[in-house]
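Worksheet: one structure, shown below.
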Amino acid sequence: MTAALLTLTTAALLFTKALDVHSTWHHVGIDGECNPLVRRWFQRHGLARGLVLACGVYLVVLLAEIALVWWLDRPILTAGTVVLGLFTAWAQWDVARFNRRHRHSWFTRLTLRVYSRWNDLLMTRRPRNQ
């Protein structure tokens, strides 16, 4: 069961990352990238090289995580990896969809709303230096 779940999660992550890279290459480019860190990465390395380097880092992290979970063989760790992996795959699919259509889905709108409220909460609790 562990092998099947980890294989499904890995396949979903690789497939949705490929969709994300394809949509970034064909529909977004350097200047259309919304993420400021990724935009700077692309400006520094170029779009093609930046995508290849980012995919390389992604593959190393993904394979290390899957190998570690496989080696440790703990049910709670496997379940957490599968849940977070499928959530990440869903987010990557949503990003690829946005890149192509230039419209946010309900998932992205909800995530942005939660992030905005989280930032507002942090800013109201932060002591101000005067």
Side-chain touch Arg40/Arg44, heavy atoms, less than 4.5 angstrom: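 SC-SC contact between Arg40 and Arg44 ruled out.
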
Heavy-atom side-chain proximity of Thr24 to Val38 below 4.5 angstrom: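 SC-SC contact between Thr24 and Val38 ruled out.
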
Under-4.0 Å salt bridge between Lys17 and Asp20: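 Counted as a salt bridge, because a side-chain N and a carboxylate O are separated by less than 4.0 Å.
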
Remaining members of the apolar cluster that contains Val60, side-chain heavy atoms under 4.5 Å: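 When side chains under 4.5 Å apart are linked, Val60 ends up in no cluster with other residues.
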
Any chance you could measure [X], atom [atom1], to [Y], atom [atom2], to the nearest 0.5 Å?
{"X": "Thr111", "Y": "Trp106", "atom1": "OG1", "atom2": "CH2", "value": "8.0 Å"}
{"X": "Asp94", "Y": "Arg109", "atom1": "CG", "atom2": "CZ", "value": "9.5 Å"}
{"X": "Arg49", "Y": "Leu53", "atom1": "CZ", "atom2": "CG", "value": "5.5 Å"}
{"X": "Ile66", "Y": "Leu62", "atom1": "CD1", "atom2": "CG", "value": "5.5 Å"}
{"X": "Leu13", "Y": "Leu63", "atom1": "CG", "atom2": "CG", "value": "10.5 Å"}

Atom CG of Asn119: over 12 foreign heavy atoms under 6.0 Å: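 More than 12 heavy atoms, drawn from other residues, nucleotides or ligands, come within 6.0 Å of this atom.
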
Leu72 atom CG: more than 12 heavy-atom contacts under 6.0 Å: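 It does: Leu72 CG has more than 12 such atoms within range.
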
Within residues 51-60 or reaching into it, pairs that qualify as side-chain hydrogen bond (donor to acceptor under 3.5 Å, both in side chains) - sequence neighbours excluded: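 Sorted pair list: Tyr58-Gln92.
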
side-chain hydrogen bond (donor to acceptor under 3.5 Å, both in side chains): pairs with one or both residues in residues 70-84, sequence neighbours excluded: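 For residues 70-84: Glu65-Thr81.
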
Please report the closest heavy-atom contact between [X] and [Y], naming both atoms and the distance.
{"X": "Thr16", "Y": "Ala89", "answer": "CG2-O, 3.3 Å"}
{"X": "Ala96", "Y": "Ser23", "answer": "CA-OG, 3.4 Å"}
{"X": "His27", "Y": "Asn99", "answer": "CB-O, 3.3 Å"}

Transitive ILVMFWY side-chain link Val95 to Leu14, under 4.5 Å: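 Per the 4.5 Å side-chain linkage, Val95 and Leu14 are not co-clustered.
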
Single-linkage hydrophobic cluster Leu6~Leu84, side-chain heavy atoms < 4.5 angstrom: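 Per the 4.5 Å side-chain linkage, Leu6 and Leu84 are not co-clustered.
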
Within the 6.0 Å centroid threshold, strictly below: Phe107 and Phe87: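 Phe107 vs Phe87: aromatic centres under 6.0 Å.
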
